[in-house]
Amino acid sequence: MNQTNPAQSGAETQRYAAKYLFLRGKLLKNYEKGKKIYRAAKLITAALFIALTLIGAAVGRHTGLPMGPLTLWIVLLFLIVFVFLAADYARYLLEDKVIPYLEDDEALEYGEYDIFKEDDEDEGEEQEDDET
C-alpha cells in the first residue's frame with residue numbers, strides 16, 4: 001500500500017477519499033442489513049426448533065420410543081447454540097470495535113479500536129497473577 005507522500009497530488013487524495021467513503025458506506029449499509037437478517041434468522045430458528053420439539057414429543061409418545069427424537073433434539077440444540085454463540089461473538093466484535101472506528105472520522109489509526117487489545121491486557125494480568 002502506498003504511504004502518504006507529500007508530493008502526492010490532490011486528485012489522487014480525492015480518489016482515495018472517494019473510495020474510502022464508498023467502501024465505508026457500503027460496509028455500514030450491509031452491516032445494518034445483515035443485523036436485520038441475523039435477527040430474523042434467530043427468530044425463525046427458534047420457531048422451527050420449538051416446532052421440532054413438539055413434533056418430536058408427539059412422535060416419541062405415539063411410538064413409545066422417545067430416544068430417537070430426544071437424541072436429535074439434543075444434537076440440534078448444541079449445534080444451534082454453538083452456531084449462534086459464534087455468530088453473536090463475531091457480531092459483538094464488529095459492533096463494539098470495527099463499526100465505531102468506521103463511524104468516527106476523527107480516528108485516523110485503528111489502534112484505538114484494536115480488536116485484540118482486551119485479550120492482550122487480560123493475558124498480562126493473568127501472567128502477573130501466576131508469578132505472585
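Worth knowing before you read on, the calculation uses all heavy atoms, side chains too, and leaves out hydrogens, waters and symmetry mates.
Within the structure, the salt bridge (Lys or Arg N to Asp or Glu O under 4.0 Å) test picks out no pair touching residues 72-83 (sequence neighbours left out). Applying the ring pair (Phe, Tyr, Trp, His ring centres under 6.0 Å) test to pairs two or more places apart or on separate chains, those with a residue in residues 24-57 are Tyr38-Phe84, Phe49-Trp73. Residue pairs satisfying the salt bridge (Lys or Arg N to Asp or Glu O under 4.0 Å) criterion with at least one member in residues 33-58, sequence neighbours excluded, are listed as follows: Glu32-Lys35, Lys35-Glu95, Lys42-Asp88. Screening residues 43-52 for side-chain hydrogen bond (donor to acceptor under 3.5 Å, both in side chains), with sequence neighbours left out, gives no hits.
One hydrophobic cluster, built from ILVMFWY side chains closer than 4.5 Å, holds both Phe78 and Leu76. Val81 and Leu52 fall within the same hydrophobic cluster, where Ile, Leu, Val, Met, Phe, Trp and Tyr residues are linked whenever their side-chain heavy atoms come under 4.5 Å apart, directly or through other members. Hydrophobic clustering keeps Phe22 apart from Leu27 (ILVMFWY residues linked when any side-chain heavy atoms are closer than 4.5 Å, directly or through intermediates).
A distance of 13.5 Å separates CD1 of Ile80 from CG of Leu85, quoted to the nearest 0.5 Å. Taken from CG in Leu77 to CG in Leu70, the straight-line distance is 10.5 Å, to the nearest 0.5 Å. Note that CD1 of Ile74 is 13.5 Å distant from CG of Leu79, once rounded to the nearest 0.5 Å. Distance check: Ile37 CD1 to Ile44 CD1 gives 10.5 Å after rounding to the nearest 0.5 Å.
Glu103 pairs by the side chain to side chain contact (heavy atoms under 4.5 Å, CB included) definition with Leu28, Ile99, not counting sequence neighbours.
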Could you give the side-chain donor-acceptor pairs of residues 60-68 under 3.5 Å, partners two or more places apart or in another chain?
unit_1 : atom_1 : unit_2 : atom_2 : d
Thr63  : OG1    : Val59  : O      : 2.8
Thr63  : OG1    : Leu65  : N      : 3.2

